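Encoded as structure tokens, the structure appears first; notes follow it.
Note that this is a predicted model, so its numbers are computed, not measured.
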Amino acid sequence: MHPRYLFPFLSALLWSSVASAAINVTFPASPPPSSAVNVVYDNFLGISFELSSFNTLWGESTTTIPPAILNYLHNIRSRLGDSSPLRIRVGGNSMDESLYAPDQKQMLTFPDPDAPSNNIPTNFGPVLWDVMGAVSKQVGGISFLVGLSMREDRPNWGVGNVVETAVAANKALGSNLDGFLLGNEPDLYSGHGNIPGYNISLYMNDVGTILDSLRDSPSGNLLESPLIGGPTICCSWDLKDVITSGLGNYRYKYYSMQHYPTHACAGENPTNTNISYFLTHSNLDTFVSWNQPGVARAKAANTPVLLTEYNSVACGGSSVSDTFATALWATDVALKHAANNFSSVYLHTREYGVKYNLFDPPSAPPDPKNLNVSSTETSVKSGWKTGSVYYAELVLAEVLSSTGSVVVDLNLNNSATNPFSTVAAYGIYDAGGSTQGKLVLFNYAYSNASSPSQFNQTFAIPPRLKETVSFRLLSAPAVDARTDITWAGQTIGEVGDLTGEQVTTSVDCWGGCEIAVPGPGMAVVWVGEDDVWIGNSTLPERAVSGGRRQRVEGWRVGPLFAMICAGLLCLMH
């Protein structure tokens with residue numbers, strides 16, 4: 001347990017029912033030069049799908065696509081600019097253990113009923129590309145990263161399945177194909193017993209063989225335009241070592257990594273169930289800087305770095321993975337990576353019942369021991385469950401700009417290094433980093449279901465940013481809440497539809513203003529020229545609830561009123 005939460009009584013006395021004194025937020029006119037070099041876009045936060053879960057989540061054909069997945073994805077895509085496709089990665093351990101079967105009629109088949117849940121091999125057919133293309137068309141544009149196996153068909157790489165997969169995906173997906181991720185976590189091949197004794201040197205030999213075969217494919221040179229990403233390491237190798245061992249000699253489109261702060265591979269324990277870890281902003285510096293020398297080298301070579309998979313607790317999550325704490329954490333992590341030279345990050349989701357999932361169908365597959373039994377009847381129904389981290393997708397799509405944003409950790413109250421700080425803040429510079437755009441304010445003050453009182457924190461916004469600022473809240477009744485999470489007053493319904501009124505608050509701020517953020521919670525404050533996204537992102541034919549309305553609340557707020565309001569636990573929303 002984090003020392004901040006060792007003494008609940010003392011914490012309650014410190015916070016009581018009255019908000020702390022206002023914290024002054026400093027927002028420099030321009031980002032520091034070290035930050036200005038990394039411009040990110042509104043589609044920065046993508047979704048990573050484990051291949052073995054794809055038929056349950058996306059349907060088994062173009063005629064059985066669940067309405068819920070269309071809403072979940074369209075909610076994000078509709079918040080992005082016209083030229084910003086939603087980023088989707090299809091892969092994981094299951095794809096690195098799978099074979100493409102060009103004559104297979106089913107999208108996925110599962111040859112091993114006894115496969116461990118963390119590594120379910122599949123055979124996948126052309127229907128996979130059909131479904132991916134159909135969903136992209138219906139939600140308004142998706143850019144796909146597709147995994148290429150380095151663990152299957154090894155003796156036949158020159159003419160075998162890797163080339164066949166790449167040729168088929170390239171032809172079927174066309175402009176929707178962002179690239180290929182060659183291999184998945186090769187630094188674990190030896191430790192997991194996949195390829196005993198595997199090391200960076202052997203890996204580089206294999207990469208060279210595969211790239212040669214892709215240049216000489218039956219469809220011509222697949223590498224004429226950069227399409228390959230890698231090494232997609234997670235744990236044992238350093239990115240810098242892989243680059244300098246030979247990867248830097250190849251024309252890679254992306255360098256990729258995957259990272260989780262902890263794991264539950266051997267079950268739950270005090271470390272992976274410690275909710276306070278996810279409420280401590282200073283922990284992010286260690287988490288994000290894991291491979292900074294390699295990231296710096298990639299940046300110097302103008303090769304974008306992707307975090308193609310992250311979530312709270314590896315190997316299926318723990319009891320904290322579906323709480324509101326991880327919604328805040330997933331948002332904070334994405335912004336911290338944007339501030340540290342990453343070009344995109346992807347939240348990972350898997351098969352039914354994994355605790356960190358972004359969303360789950362109404363019930364388990366009909367026969368969990370035989371995944372070849374169709375799950376369509378279940379998946380197309382309402383009753384889907386939304387995971388807390390999904391809300392980070394909505395927030396990031398609105399926070400970052402289609403004109404390009406530079407993200408800076410403002411180190412509010414020394415939160416980047418002080419483990420006792422209960423606040424954090426980011427400055428978002430839009431128009432490629434040239435203008436002050438938004439402020440993102442985190443209040444990590446602790447409350448839980450057994451003590452659900454709100455601990456407000458007031459943030460003082462500096463004057464002369466904008467005459468009237470608008471803000472939205474990400475909030476929940478408590479930090480361990482699993483339901484009633486809202487973004488801008490809305491929550492996710494039973495088919496991925498947004499329910500409730502969309503709430504935006506407007507405040508007179510030319511002379512400065514104060515904004516109260518409930519604890520736990522987060523606010524996004526628009527201080528620049530970017531429009532606040534307003535609308536109903538539920539696909540009209542997929543809605544199950546009534547219409548959504550936009551509500552804008554506006555008032556003039558003086559410092560005295562803000563202090564009184566905070567003391568009464570007035571939630572400005």
> Counting heavy atoms not belonging to Asn221, are there more than 12 under 6.0 Å from its CG?
Replying inline: yes
>> Between Leu227 and Asn170, is there a side-chain heavy-atom distance shorter than 4.5 Å?
In response: yes
> Looking at Ser219 and Val167, what are the two nearest heavy atoms and their distance?
Replying inline: OG-CG1, 3.1 Å
> Is a side-chain N or O of Asn272 found less than 3.5 angstrom from the main chain of Asn269, in a donor-acceptor match?
Replying inline: yes
>> Would you compute the distance between atom CD1 of Ile492 and atom NZ of Lys385 and round it to the nearest 0.5 angstrom?
In response: 14.5 Å
>> To the closest 0.5 Å, what do you measure between CG (Asn176) and OG (Ser143)?
In response: 7.5 Å
>> Whether Arg151 and Asp96 form a salt bridge (side-chain N of Lys/Arg under 4.0 Å from carboxylate O of Asp/Glu) is what I want to check.
In response: yes
> Of all heavy-atom pairs between Leu211 and Leu223, which one has the smallest distance, and what is that distance?
Replying inline: O-CD1, 3.6 Å
> How far apart are the closest heavy atoms of Tyr189 and Gly183, and which atoms are they?
Replying inline: OH-CA, 3.8 Å
>> Donor-acceptor check, side chain of Glu60 to backbone of Met107, threshold 3.5 angstrom: yes or no?
In response: no
> Can you find a heavy atom in the side chain of Tyr254 that is under 4.5 Å from one in the side chain of Ser344?
Replying inline: no
> Hey, does the side chain of Asp187 reach the backbone of Ser236 with a donor-acceptor pair shorter than 3.5 angstrom?
Replying inline: yes
>> For Ser388 and Thr326: C-alpha separation, side-chain torsions, deciding distance, then whether side chain to side chain donor-acceptor pair (under 3.5 Å) applies.
In response: CA-CA 7 Å; Ser388 60; Thr326 59; 2.9 Å; yes
> Out of curiosity, Tyr255 OH to Thr232 OG1, how far, rounded to the nearest 0.5 Å?
Replying inline: 12.5 Å
>> Treating Ser379 as the side-chain partner and Thr376 as the backbone partner, does any N or O pair qualify as donor plus acceptor under 3.5 Å?
In response: no
> Picking from Phe124, Phe359, Trp129, Phe49, what satisfies ring pair (Phe, Tyr, Trp, His ring centres under 6.0 Å) with Trp58?
Replying inline: Phe49
>> Less than 3.5 Å apart, any donor N or O on the side chain of Ser318 or Glu268 sitting next to an acceptor on the other?
In response: no
>> Tell me if a side-chain donor or acceptor on Asp112 pairs with a main-chain N or O of Pro121 at a distance below 3.5 Å.
In response: no
> Between CG of Asp360 and CZ of Arg350, what distance do you get to the nearest 0.5 Å?
Replying inline: 11.0 Å
> Taking the side chain from Thr286 and the backbone from Asn283, do they hold a donor-acceptor pair closer than 3.5 Å?
Replying inline: no
>> Applying side chain to side chain contact (heavy atoms under 4.5 Å, CB included) to Asn55 and Gln106, what does each step give before you reach the verdict?
In response: CA-CA 10 Å; Asn55 61 332; Gln106 302 97 319; over 6 Å; no
> Should Val399 and Leu335 count as side-chain neighbours, where that means a heavy-atom distance under 4.5 Å?
Replying inline: yes
>> Between Trp533 (side chain only) and Ser78 (backbone N and O only), is there a donor and an acceptor less than 3.5 Å apart?
In response: yes
>> Val440 vs Val395, test: side chain to side chain contact (heavy atoms under 4.5 Å, CB included). Steps then yes/no.
In response: CA-CA 10 Å; Val440 184; Val395 173; 5.8 Å; no
>> Using side-chain heavy atoms (C-beta onward) and a distance below 4.5 Å, is Tyr310 in contact with Leu347?
In response: yes
>> With side chain to side chain donor-acceptor pair (under 3.5 Å) as the criterion, how do Ser53 and Thr56 come out once you've worked through the C-alpha distance, each side chain's angles and the decisive distance to 0.1 Å?
In response: CA-CA 6 Å; Ser53 68; Thr56 301; over 6 Å; no
> Under a 4.5 Å cut-off applied to non-hydrogen side-chain atoms, are Tyr250 and Ile228 in contact?
Replying inline: no
> Atom CG in Leu73, atom CG in Leu86: separation rounded to 0.5 Å?
Replying inline: 6.0 Å
> Would Thr122 and Ser52 satisfy side chain to side chain donor-acceptor pair (under 3.5 Å), going step by step from the backbone distance to the final call?
Replying inline: CA-CA 7 Å; Thr122 76; Ser52 56; over 6 Å; no
>> If I take atom CD from residue Glu224 and atom CZ from residue Arg251, how far apart are they, to the nearest 0.5 angstrom?
In response: 8.5 Å
> Counting only N and O atoms by type, is there a donor-acceptor contact under 3.5 Å from the side chain of Tyr426 to the main-chain atoms of Asp332?
Replying inline: yes
> Can you list the steps and then say if Asp42 with Ser401 is a side chain to side chain donor-acceptor pair (under 3.5 Å)?
Replying inline: CA-CA 5 Å; Asp42 49 357; Ser401 176; over 6 Å; no
>> Using the rule side-chain hydrogen bond (donor to acceptor under 3.5 Å, both in side chains), only one of His259, Arg87, Gln258, His348 pairs with Thr308; which is it?
In response: Gln258
> Looking at Ala392 and Ala327, what are the two nearest heavy atoms and their distance?
Replying inline: CB-O, 4.2 Å
>> To check you understand the geometry: which heavy-atom pair defines the closest contact between Leu306 and Ser343, and what is its length?
In response: CD2-CB, 4.2 Å
> When you measure from the side chain of Asn71 to the backbone N and O of Leu539, does any donor-acceptor pair fall under 3.5 Å?
Replying inline: yes
> Between the side chain of Asn38 and the main-chain N/O of Phe342, is any donor-acceptor distance below 3.5 Å?
Replying inline: yes
>> Quick check: do Met150 and Val207 have side-chain heavy atoms less than 4.5 Å from each other?
In response: yes
> So do the side chains of Lys336 and Asp409 get within less than 4.5 Å of each other, counting heavy atoms only?
Replying inline: yes
> Do the side chains of Ser375 and Pro366 get nearer than 4.5 Å, heavy atoms only?
Replying inline: yes
>> Is there a side chain to side chain contact (heavy atoms under 4.5 Å, CB included) between Ile142 and Met132? Walk through the geometry before answering.
In response: CA-CA 9 Å; Ile142 295 176; Met132 290 164 65; over 6 Å; no
>> Is there a side chain to side chain contact (heavy atoms under 4.5 Å, CB included) between Asn184 and Met95? Walk through the geometry before answering.
In response: CA-CA 8 Å; Asn184 186 74; Met95 196 157 204; over 6 Å; no
> For the residue pair Tyr72 and Gly493, what are the closest heavy atoms and their distance?
Replying inline: OH-O, 4.4 Å
